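Read through the structure below, which is laid out as C-alpha cells, and then see the notes.
On a predicted model such as this, the values are computed, not experimentally measured, just so you know.
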Amino acid sequence: MLDQTAIAETLGAHYDLAPSPEAAERQSDIYARMSRVLSPADWAIHAPYVEAINRLKAERNAVILAHNYMTPDIYHGIADVVGDSLQLAIEATKVEADVIVQCGVHFMAETSKILNPSKTVLIPDIEAGCSLAESITPEGIAEMRRRYPGAPVVTYVNTSAEVKAASDICCTSSNAAQIVAGLDAETVIMTPDKYLAQNVARQVPQKNIVWYDGSCIVHERFTAQELKDFRDWQPDTRIIAHPECPPDVVAEADFSGSTSGIIDYVTREQPEKALLVTECSMASNISDALPGIEFVGPCNMCPYMKKITLEKVLWSLHSMEGAVEVDAQVAEGARQAVQRMIDMSRRLSA
C-alpha cells in the first residue's frame, strides 16, 4: 500500500504544489474543458499538479492513457489518449514514447504491457484492481471448457493476463456482439461478465451463448425499477445504459452501448436531458463538450478507478515506481487473444 503521507512530503520537497490561482490561470485552456463540473477553487488546487505532471511527462518521454472513468482533472488535465478499453488497447500498440502511464485499473496496464512489451508501463496505484477481473481465474476457464467441449472462449478484456492467455479471443463491451457473431461456432463461452453475455445473447440469437457467473460492482447495482421510477419522475430524460448492467436494466434504457458508444450516442442525439447508467465520471468528462445536455443522476462510483489521483500519477512519474511486468509465456498467450480481437474487429468493421 502506498504511504500517502510520505509521498506528499517527498513531492512537496520537489514541486510547488500549493493551491495556486496563478497556475490555474496559466492553464485556463485546460480548465475550459471541465469548468462546468469543476469549481475555480478546486481547479486552483489541481492546477499545480497538472502543471508538474505535464512538465515531468515531457522529461520522461511518457504518455498517459486514461479510461473514460477517470475524474475530469485526469481525463482533461493530463491524458494524452482517452477512451474505452478497446480504444486504449489499440492506442497502446501505437505508443512510441518510452513510458506509458495507465490511468485506469491493473488489467488495462497489463494489456498495454502485453501489446507493447518494450515500454515501461506504470500504474499509479497497484491496488487499482477490478471486481470483474477478480471473479475469474484460468481454472474457471478450464471448467467452462470441460462443460462445453469445443466451444471457443471469448473473454472480456476486464481480466488478468493469465485469464486472457487461457482464452481464444478477447472482446470489449463495444465489440462483444460483433466478435461473437463472427466466430465459426454454434456455442460460444463468454467470460466473466454474465450480464454482458446475456445482453449479447439478445443481440446475437443465432448463437448459443453460455457464460461464467461474474459481474461488475458498479453496473450490477442498477435496477430496472429505479429506472422505471426515474422515467415516471423525469419522462423527458433519455436513459442510456452500459451493457454490463443486468438485461432488465438494459431493456428499460433507450440506448445501450460501451463507454465510447455512449459518448457517440449523446453527441449525435443531443437529448435535452440524459441519464447515463454507468460510472459517475462518464457524464462529468463529456459535460463541458455538450453544454446543451443536462446530465442527471443516478450513477455509481467505481472505488478502483478512483484510486488513481493526480498525486499518485505525479508520484509514479517522479519515482518511476509501479512498473507492470507480465511473465513472457503468459504475455504471449494473452497477446494472441487480444490481437485476435483487434484484428477481427478491424476486419468486420471494414
Side-chain angles (χ1 to χ4, degrees), residues 36-37 67-69 71-72 84-85 130-132 135 156 158 171-178 180-181 190-205 207 209-306:
R36 188 176 171 191
V37 295
H67 191 266
N68 292 326
Y69 293 164
T71 51
D84 63 12
S85 298
C130 172
S131 61
L132 189 55
S135 73
Y156 202 19
N158 299 36
C171 74
T172 70
S173 56
S174 60
N175 66 15
Q178 186 183 51
V180 169
M190 290 191 71
T191 68
D193 193 316
K194 61 184 176 183
Y195 295 133
L196 177 65
Q198 290 166 30
N199 288 318
V200 168
R202 298 172 72 173
Q203 295 177 268
V204 192
K207 301 289 186 180
I209 298 175
V210 295
W211 53 81
Y212 193 81
D213 188 23
S215 60
C216 165
I217 61 171
V218 170
H219 295 99
E220 71 177 349
R221 290 164 53 198
F222 293 105
T223 68
Q225 187 59 53
E226 72 179 332
L227 296 194
K228 291 177 182 177
D229 292 343
F230 194 90
R231 197 184 292 278
D232 288 341
W233 178 48
Q234 296 275 345
D236 57 342
T237 298
R238 201 79 59 89
I239 299 178
I240 304 152
H242 193 281
E244 289 177 25
C245 294
D248 59 344
V249 170
V250 170
E252 284 298 322
D254 298 297
F255 174 81
S256 176
S258 67
T259 55
S260 62
I262 289 172
I263 293 171
D264 290 344
Y265 177 83
V266 294
T267 302
R268 180 179 67 251
E269 295 292 318
Q270 295 282 321
E272 289 186 13
K273 295 181 181 179
L275 166 58
L276 305 191
V277 188
T278 185
E279 214 277 343
C280 291
S281 288
M282 272 289 298
S284 298
N285 288 332
I286 61 178
S287 182
D288 277 74
L290 300 168
I293 302 175
E294 179 185 352
F295 291 96
V296 296
C299 64
N300 292 325
M301 194 81 73
C302 175
Y304 300 104
M305 289 283 186
K306 268 42 186 182

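- Counting only residues at least two apart or on different chains, the salt bridge (charged side-chain N to carboxylate O under 4.0 Å, His left out) pairs with a member in residues 253-264 are R231-D254.
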Would you give me the side-chain donor-acceptor pairs under 3.5 Å for residues 271-283, sequence neighbours excluded?
from : atom 1 : to   : atom 2 : distance (Å)
K273 : NZ     : Q234 : OE1    : 2.8
T278 : OG1    : Y69  : OH     : 2.9
T278 : OG1    : H219 : NE2    : 2.9
E279 : OE1    : S281 : N      : 2.8
E279 : OE1    : K306 : NZ     : 3.0
E279 : OE2    : C302 : N      : 2.8
E279 : OE2    : K306 : NZ     : 2.9
S281 : OG     : K306 : NZ     : 2.6

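- Every residue meeting the side chain to side chain contact (heavy atoms under 4.5 Å, CB included) condition with S287, not counting sequence neighbours, appears here in chain and number order: R36, V37, F295.
- Scanning all heavy atoms of the two residues, the minimum distance from V200 to A176 falls at CG2-CB, 3.8 Å.
- The distance from atom CD1 of I293 to atom CD1 of I286, rounded to the nearest 0.5 Å, is 6.5 Å.
- Taking both residues in full, the closest heavy atoms of A197 and W211 are given as CB-CB, 3.5 Å, listed atom of the first, atom of the second, then distance.
- P246 has its side chain out of reach of T223: every pair of non-hydrogen atoms, C-beta onward, lies at least 4.5 Å apart.
- In this structure, CG on L290 lies 9.0 Å from CD1 on I263, to the nearest 0.5 angstrom.
- Annotation for K228 and E252: closest pair CE-OE2, 2.9 Å, computed over non-hydrogen atoms.
- Separating the CG atom in D84 from the OG atom in S174 is a distance of 4.5 Å, to the nearest 0.5 Å.
- Scanning for side chain to side chain donor-acceptor pair (under 3.5 Å) contacts around T237 gives an empty result, with sequence neighbours left out.
- Not a single salt bridge (charged side-chain N to carboxylate O under 4.0 Å, His left out) links R202 to another residue, sequence neighbours left out.
- For S85, there are no side chain to side chain donor-acceptor pair (under 3.5 Å) partners two or more places apart in sequence or in a different chain.
- Under the side chain to side chain donor-acceptor pair (under 3.5 Å) criterion, N175 pairs with T172, not counting sequence neighbours.
- Side chain to side chain, Q225 and D229 meet the donor-acceptor criterion of an N or O pair below 3.5 Å.
- Atom-to-atom distance recorded for D193:CG and C171:SG is 9.0 Å, nearest 0.5 angstrom.
- By the salt bridge (charged side-chain N to carboxylate O under 4.0 Å, His left out) test, E244 is found to be paired with no residue, residues two or more places apart in sequence or in another chain being considered.
- Applying the ring pair (Phe, Tyr, Trp, His ring centres under 6.0 Å) test to residues at least two apart or on different chains, the pairs with a partner in residues 253-273 are F255-Y265.
- Taking every heavy atom of both residues into account, G214 and L132 meet most closely at C-CD1, 3.9 Å.
- Partners of S215 according to the side chain to side chain donor-acceptor pair (under 3.5 Å) rule, which considers only residues two or more places apart in sequence or in another chain, are E220.
- Note that CD1 of I209 and CE of M190 are 6.0 Å apart. Values are rounded to the nearest 0.5 Å.
- Across all their heavy atoms, Y156 and S173 have their closest contact at CE1-N, 3.3 Å.
- In this structure, T191 OG1 and L196 CG are separated by 10.0 Å, a value rounded to the nearest 0.5 Å.
- Partners of E269 according to the salt bridge (charged side-chain N to carboxylate O under 4.0 Å, His left out) rule, which considers only residues two or more places apart in sequence or in another chain, are R238.
- Minimum heavy-atom separation, S131 to Y304: N-CE1, 3.6 Å.
- The salt bridge (charged side-chain N to carboxylate O under 4.0 Å, His left out) check on K207 picks up nothing, with sequence neighbours excluded.
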